[in-house]
2 protein chains.
Amino acid sequence: MREHASDVMQDYLKNIYLINRENEGQVSTSDLAMKMGVSAPTVTSMLVKLGDKGFITYEKYKGAKLNTEGEAIALEILRHHRLIERYLVEFLGYDWSEVHEEADVLEHHISEELERRIANALGNPKYGLYGAPIPSEDLTSIAKDETTKLGEHSAGEIVVIERVKENYIGSENAPRTRDSEELQYLAEIGIIPGKQVKIESVAPFGMIKVSNEKGEHSLPKEVSMSIHVREI
Amino acid sequence: MREHASDVMQDYLKNIYLINRENEGQVSTSDLAMKMGVSAPTVTSMLVKLGDKGFITYEKYKGAKLNTEGEAIALEILRHHRLIERYLVEFLGYDWSEVHEEADVLEHHISEELERRIANALGNPKYGLYGAPIPSEDLTSIAKDETTKLGEHSAGEIVVIERVKENYIGSENAPRTRDSEELQYLAEIGIIPGKQVKIESVAPFGMIKVSNEKGEHSLPKEVSMSIHVREI
DNA sequence: GATCTTATTTAGACCTATCTAAACATATAT
DNA sequence: ATATATGTTTAGATAGGTCTAAATAAGATC
Ligand SMILES: [Mn+2]
Ligand SMILES: [Mn+2]
Ligand SMILES: [Mn+2]
Ligand SMILES: [Mn+2]
């Protein structure tokens with residue numbers, strides 16, 4: 001029936017999907033290499049394989065784009081990831097800053113049965129931590145993200161944090177995965193889903209200054225663009 | 001520090017440990033091949049690698065024996081396995097016949113942190129499903145198995161089922177892993193931890209006939225030797 | 001103890017995922 | 001339009017885990 005995708009391939013497909021969310025069009029070799037933490041030639045050879053298996057359409061020097069099958073796999077893994085994260089927080093007392101790496105491994109190794117049971121225990125949620133939408137069980141739909149980015153707001157506005165992204169575009173325009181320490185720091189200064197912040201000013205270089213009950217905090221552009229909020 | 005053991009190596013070490021429990025002395029290439037579901041040459045080459053890494057002592061044509069390091073890894077994986085099985089049953093409503101395969105995969109992929117949280121949720125138990133002893137967190141001790149084997153009892157005795165082994169020595173003297181259907185069948189005829197059976201007779205070839213509220217059931221030697229009980 | 005049988009190892013191959021160094025293509029700047 | 005810089009692919013190598021076919025060692029039988 002469906003071609004088999006190894007764990008590693010699943011990660012490539014998931015990351016192609018995630019990069020593509022940020023960055024419409026084809027996904028480049030170097031963006032993927034950065035995200036996957038491997039060399040560019042490694043990516044090239046993998047893209048060829050993924051293309052042969054029909055998961056993606058790959059054009060030399062142009063980049064990769066998911067096909068229907070590849071997207072289904074990406075959504076499947078993303079669903080696992082977000083369900084696992086939420087489960088670990090709600091049922092095993094993890095802090096939201098600690099679950100990402102655990103989920104990044106387990107996402108490839110839970111059975112469909114365990115996925116169902118975890119989803120069920122959580123009440124079959126449509127959103128995971130920080131409002132990240134969870135693909136539906138049949139992998140046909142994924143809730144739309146209704147939020148805006150903190151970095152797009154202007155001085156004086158008050159917003160509610162909805163979501164702190166795990167993956168974002170870093171300072172050199174390279175995608176990266178935020179690590180626990182970074183998430184922890186943001187938590188410490190009160191950048192936590194559900195909490196409010198006021199935009200104090202937007203300084204040069206897109207630096208943004210926000211305030212909350214923990215005081216005033218300056219965030220660089222890349223960071224403020226990775227925090228999703230809702231205006232009130 | 002410690003040499004790295006891949007997932008596959010972890011399974012070899014775990015299975016060397018388990019075979020050795022049944023069968024004192026060195027573990028043979030063919031027993032391991034059977035248990036792992038791979039060819040004999042594959043095992044030979046893996047035993048050489050495990051020897052080079054210091055996990056086992058391997059002598060050509062004589063078989064393998066775990067070293068301290070290899071045993072620690074085996075116990076670690078076994079601990080994960082048994083904690084996961086019990087967690088799935090107690091917290092996610094799995095039936096005890098369904099969890100083995102799930103645990104066989106997940107045992108390699110949970111972090112030490114998740115292991116601790118799972119153990120904690122279960123009250124840091126010393127025994128898993130069917131009374132299978134769980135190695136301690138520091139991997140130095142494992143509770144002793146106080147049970148006897150159903151197949152060692154005589155007609156007239158009444159025993160309580162303590163444990164239905166997942167791994168046992170099959171009819172051709174080859175170790176095998178019991179599958180869900182088999183566990184399910186045993187469950188259906190009332191061979192379930194905690195339940196009593198009376199030994200009705202011991203027939204030729206070690207065939208044993210037992211009775212309980214579900215009626216009379218005949219079990220072949222290999223099966224009766226894989227069911228641990230306590231006399232009352 | 002010579003012979004037959006069975007267990008084990010050796011040899012040689014393949015597939016996956018990765019790397020570095022070198023070649024080449026595309027995009028940018030002068 | 002040419003030169004330069006950057007991004008991408010090709011080439012060739014390595015390591016892990018597996019296989020089948022063939023050689024060889026150990027164990028069992030007579
Ligand atoms: Mn992953
Ligand atoms: Mn799934
Ligand atoms: Mn396993
Ligand atoms: Mn552990």
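Each chain gets a letter, A, B and so on, in the order the sequences are listed, and its residues count up from 1. Values reported hereafter were calculated over all heavy atoms of this structure, with side chains retained and with hydrogens, waters and symmetry mates removed.
- Salt-bridge formation is not detected for the pair B:E85/B:R82: no Lys NZ or Arg NE/NH1/NH2 atom is positioned less than 4.0 Å from an Asp or Glu carboxylate oxygen.
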Protein proximity profile, nucleotides 7-13 of chain C - base contact B, sugar-phosphate-only contact S, no contact -, cut-off 4.0 Å on heavy atoms: -SBB---
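- Of the side-chain N and O atoms in A:T42, one or more sit less than 4.0 angstrom from OP1 or OP2 of C:dC19.
- Per the geometry, NZ belonging to A:K49 stands 16 Å off P belonging to C:dC14, to the nearest Å.
- With sequence neighbours left out, A:E162 forms a salt bridge (Lys or Arg N to Asp or Glu O under 4.0 Å) with A:R230.
- The separation between A:D11 atom CG and C:dA17 atom C1' is 13 Å, rounded to whole Å.
- Scored by the side-chain hydrogen bond (donor to acceptor under 3.5 Å, both in side chains) test, B:Y58 finds no partners at all (sequence neighbours excluded).
- The pair B:E102-A:R117 fails the salt-bridge criterion, with no side-chain N (NZ, NE, NH1 or NH2) lying under 4.0 Å from an Asp/Glu carboxylate O.
- First and last contacting nucleotides of DNA chain D toward chain A (any atom under 4.0 angstrom from a heavy atom, 5' to 3' order): D:dT8 to D:dT10.
- The salt bridge (charged side-chain N to carboxylate O under 4.0 Å, His left out) pairs that include a residue from residues 40-54 of chain A are A:E3-A:K53, where partners are two or more places apart or lie in different chains.
- C:dA17 atom C1' lies 8 Å from atom OH of A:Y12, rounded to whole Å.
- Between B:I73 and B:M9, the closest side-chain pair of non-hydrogen atoms is not below 4.5 Å.
- A:R86 places a side-chain N or O within donor-acceptor distance of the main-chain N or O of A:Y127, the cut-off being under 3.5 Å.
- Every residue two or more places apart in sequence or in another chain was checked for a salt bridge (Lys or Arg N to Asp or Glu O under 4.0 Å) with A:E71, and none qualifies.
- Residue contacts shown for B:M9 are limited to sugar-phosphate atoms, with no base heavy atom under 4.0 Å away.
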